Structures are given as structure tokens and as C-alpha cells.
Amino acid sequence: MKPLFYSLLMLNFLQKNIWMCIGIVSVVTFFSFCKHALTETEKKPESHQPAVTYSNPYFKGTREDRIAQVEKITKLFGVECSYCHNEDLTVFTEEGEVSKKMMAASVALGVDCDYCHVDGKHYTEKENQAKKMFELCETMATGCDFCHAGKDQLTPKGAQAKTAFVTRDWVTKGTKQCLECHIEKKQFALNFYGWQVLNAMKGLKGM
Ligand code: HEC
Ligand code: HEC
Ligand code: HEC
Ligand code: HEC
């Protein structure tokens with residue numbers, strides 16, 4: 001019967017000291033809340049890490065050079081900075097995310113945005129070729145730098161692709177046909193048939 005006895009004792013104590021109990025509970029809650037609020041503010045800078053890398057190879061030179069670069073983009077597209085990101089560079093819009101990929105493309109091709117963009121709505125004559133290239137990269141999961149190594153420069157793989165483009169009339173027939181021998185999203189890795197073709201080629205060369 002001991003637990004019952006203690007419960008009754010406790011109840012009796014609560015009845016007599018109800019205001020004191022409420023007081024203690026409020027004080028404890030208040031302090032734990034303060035502590036919570038404090039740790040929240042302490043944590044804040046951590047969760048607020050800029051999403052920007054500051055190592056984007058698109059940007060070159062001094063701070064002033066870099067500001068000139070972003071101002072050039074902003075003027076070209078006829079927009080505000082907030083079209084792509086907030087002031088702290090912590091939040092990027094959809095256009096901002098696209099622009100990250102566009103910067104990588106520009107670096108690989110050794111050009112700037114105005115190579116393809118006339119303004120926010122119009123494109124240069126490079127539009128169609130560029131669109132096909134973006135599709136190709138999507139299908140094969142490569143970056144532009146898989147084949148492009150700066151202005152008018154191709155990587156060795158790019159040179160191989162150039163032959164494939166020409167022999168397979170890629171411009172009109174597109175990328176799907178490449179999947180006859182290459183695995184989708186595997187950066188031009190060969191499938192079983194592709195290996196057979198490769199071995200046949202080696203055989204022809206007597207390797
Ligand atoms: C069309 C989209 C776009 C516009 C407009 C734009 N930015 Fe950016 N900005 C970007 C992207 C994308 C990055 C690179 C983010 C990354 O690499 O993570 C960037 C990076 C930066 C950086 C970091 C540069 C570095 O050295 O790494 C600064 C500073 C910056 N922007 C300021 C501005 C200011 C100021 C404006 C307005 C005058 C502006 N941006 C307009 C897309 C844009
Ligand atoms: C090689 C050509 C090329 C270059 C260089 C290029 N772009 Fe693009 N960009 C395109 C194409 C093509 C599209 C349309 C993609 C689509 O619709 O599939 C596009 C789309 C975009 C979009 C999305 C537009 C929309 O209406 O949603 C943004 C933003 C953009 N580019 C920003 C940039 C920035 C910033 C640069 C320079 C750092 C740049 N681009 C460089 C070809 C290029
Ligand atoms: C699998 C290889 C490959 C990949 C990946 C690739 N390209 Fe290309 N690209 C080529 C080849 C080959 C040519 C033709 C070059 C030539 O005729 O000398 C070319 C030509 C171009 C051209 C026309 C040439 C010019 O400067 O006028 C543009 C624009 C272009 N590529 C943009 C891109 C963009 C943007 C990406 C990334 C989204 C990309 N390419 C990814 C292989 C590739
Ligand atoms: C009939 C089979 C076949 C088709 C179709 C084909 N390829 Fe290939 N491709 C090969 C073979 C085999 C190799 C390996 C050649 C070698 O290593 O010498 C290769 C290699 C490549 C490479 C180099 C890859 C690397 O990592 O070194 C690229 C890039 C490439 N092909 C692009 C293309 C493109 C683009 C298309 C579509 C327009 C295409 N190929 C269609 C058989 C094919």
C-alpha cells in the first residue's frame with residue numbers, strides 16, 4: 001500500500017502548495033526556453049553557410065573584376081541581382097541554379113553568356129546547337145568539359161565524338177542512336193554490343 005500512501009501525500013502537498021508549484025514550473029519552462037532561444041541564435045551562422053563556393057572558375061581576378069562580371073550578366077539579361085540569388089548568396093532561384101550550369105558551360109567553351117544569349121529572351125544563332133548539346137549532356141550525364149577544352153578546343157573524347165557526330169549524322173538524327181553502343185547516363189561507357197564493336201575494330205587492326 002506504500003505507493004498509494006505516497007501518492008496521497010503528494011496530492012496533499014500539491015493542494016497546499018499549488019501556487020508555488022505553478023511558480024516553479026513556469027520558472028523552469030522560462031529558463032529552458034531562453035536556453036533554447038540562445039542555442040538557436042548561436043547555431044544560426046552555421047545553418048546560414050553561403051551556398052556560393054567562391055571557387056567558381058567562371059569568376060576571375062580581383063573583387064572588382066568579379067563585380068564587373070556579375071554586372072555584365074545582369075545588364076545582358078536586363079534583370080536585378082535577385083533574379084538569380086539573394087544578397088547573401090544563400091538562396092538561388094531556379095534561374096540562378098540554371099546559371100551555375102551555364103557558367104560551367106561557358107568555362108568549358110571558353111566563351112561568355114553573350115555567345116548564346118542576346119538578352120533575357122533572345123538567343124544568338126548558337127541556340128539550336130547549344131540546345132542539342134545540353135540534351136546530349138543530360139542523356140549521357142557528362143559536362144561540356146567532357147569534350148570541350150576552351151575556345152575552339154576539343155578534348156580527345158571530344159574528337160572521338162566529332163567523328164561519331166559526322167558518321168552518324170547526329171545533327172539530324174540526334175543522340176538516341178548513340179545508345180546502340182553506349183550506356184545512358186554513364187558518360188559514354190560501352191554496352192555489350194559496344195564492346196563487340198570495339199573488339200571487332202581491334203581485330204581489324206590486328207591488335
Ligand atoms: C543570371 C543569374 C545571376 C544574376 C543576374 C546575378 N548573379 Fe551573382 N551569381 C550567379 C551565380 C550562378 C553565381 C555562382 C554561384 C556558385 O558558383 O555557387 C553567382 C555568384 C556571385 C558572387 C560570388 C562571386 C565569386 O567570386 O564567387 C557575387 C559576389 C555575386 N554573384 C553578386 C551578384 C550581384 C551583386 C548581382 C547583381 C548586380 C548578381 N550577382 C547578379 C548568378 C547571378
Ligand atoms: C553555349 C550557349 C550558352 C551559353 C554560353 C550560355 N547559355 Fe544560358 N542558355 C542557353 C540555352 C540554349 C538555354 C535554353 C535551355 C533550354 O531551354 O533547354 C539557356 C538558358 C539559360 C537560362 C534559363 C532561361 C529561362 O528562360 O529560364 C539562364 C538563366 C541562362 N541560360 C543564363 C546564362 C548565363 C548567366 C550564362 C553565362 C554565365 C549563360 N546562360 C551562358 C545557352 C547558353
Ligand atoms: C560528347 C562530346 C561533347 C559534349 C559533351 C559537348 N559537346 Fe559541344 N561540341 C562537340 C563537338 C565534337 C562539336 C563540334 C566541334 C567542331 O565542329 O569542331 C561541338 C560543338 C559545339 C558548339 C558549336 C561550336 C561553336 O562554338 O560554335 C557549341 C555551341 C557547343 N558544342 C556547346 C556545347 C555545350 C554548351 C555543351 C555542354 C552542355 C557541350 N557542347 C557539350 C562535342 C561535345
Ligand atoms: C556502333 C557502335 C557505336 C555507336 C552507335 C556510337 N559509338 Fe561511340 N564508341 C564506340 C566504340 C566501340 C568506342 C570505343 C572506341 C575506342 O576506344 O577506340 C566509342 C567511343 C566513343 C567516345 C569516347 C568515349 C571515351 O570515354 O573514351 C565518344 C565520346 C563517343 N564514342 C561518342 C559517340 C556519340 C556521340 C555517338 C552518337 C552520335 C556514338 N558514340 C555512337 C561505338 C559506338
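The model shown is predicted, which means the values in this text are computed figures rather than measured ones. Heavy atoms only: backbone and side chains are in, while hydrogens, waters and symmetry mates are out.
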Do M103 and L76 share a hydrophobic cluster (ILVMFWY, side-chain heavy atoms under 4.5 Å, transitive)?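 Per the 4.5 Å side-chain linkage, M103 and L76 are co-clustered.
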
If hydrophobic clusters are built by linking Ile, Leu, Val, Met, Phe, Trp and Tyr wherever their side-chain heavy atoms come under 4.5 Å apart, do V98 and F77 end up in the same one?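 No; tracing contacts between hydrophobic side chains, which count when under 4.5 Å, never links both residues.
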
May I ask you to say whether E127 pairs ionically with K131, meaning some side-chain N is under 4.0 Å from a carboxylate O?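 Judged by the 4.0 Å cut-off on N to carboxylate O distance, E127 and K131 do form a salt bridge.
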
Can we call the ring centroids of F188 and F146 under 6.0 Å apart?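 For F188 and F146, the ring centres are under 6.0 Å apart.
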
Quick check: are there more than 12 heavy atoms from other residues, nucleotides or ligands sitting under 6.0 Å from [atom1] of [X]?
X	atom1	answer
K151	NZ	yes
E138	CD	no
K176	NZ	no

Can you find a heavy atom in the side chain of [X] that is under 4.5 Å from one in the side chain of [Y]?
X	Y	result
L198	L190	yes
I67	F59	no
T62	D65	yes

So, [X] side chain and [Y] main chain: donor-acceptor pair closer than 3.5 Å or not?
X	Y	value
D112	S106	no
T124	Y115	yes
N86	T90	yes
S99	M102	no
R66	G61	yes
E184	M140	no
T74	E80	no
S82	H85	no
E135	T175	no

Return yes if a side-chain donor-acceptor contact under 3.5 Å exists between D114 and H117, otherwise no. no

Can you find a side-chain donor-acceptor pair between N56 and T53 that sits under 3.5 Å? no

Please round to the nearest 0.5 Å and tell me the distance separating atom [atom1] of [X] and atom [atom2] of [Y].
X	Y	atom1	atom2	result
N128	C116	CG	SG	11.0 Å
K185	L179	NZ	CG	10.5 Å
C84	E94	SG	CD	11.0 Å
W170	M133	CH2	CE	3.5 Å
M201	Q196	CE	CD	13.5 Å
E95	Y83	CD	OH	4.0 Å

Is there a side chain to side chain contact (heavy atoms under 4.5 Å, CB included) between Y58 and I73 once you walk through the steps? CA-CA 12 Å; Y58 173 77; I73 297 177; 3.7 Å; yes

Any chance you could lay out the side chain to side chain contact (heavy atoms under 4.5 Å, CB included) test for V197 and F192, step after step, and finish with the verdict? CA-CA 9 Å; V197 171; F192 185 70; over 6 Å; no

Which pair of non-hydrogen atoms, one from [X] and one from [Y], has the smallest distance, and what is that distance?
X	Y	answer
C144	A108	CB-CB, 3.7 Å
Y193	C181	CD2-SG, 3.7 Å
T155	A149	CG2-CB, 3.9 Å

Quick one: is the NZ or CZ of K100 closer than 6.0 Å to the six-membered ring centre of F92, and within 45° of its axis?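 Positive - K100 is close enough to the ring of F92 and near enough to its axis.
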
Applying side chain to side chain contact (heavy atoms under 4.5 Å, CB included), run through H182 and N191 and close with a yes or a no. CA-CA 5 Å; H182 295 286; N191 61 23; over 6 Å; no

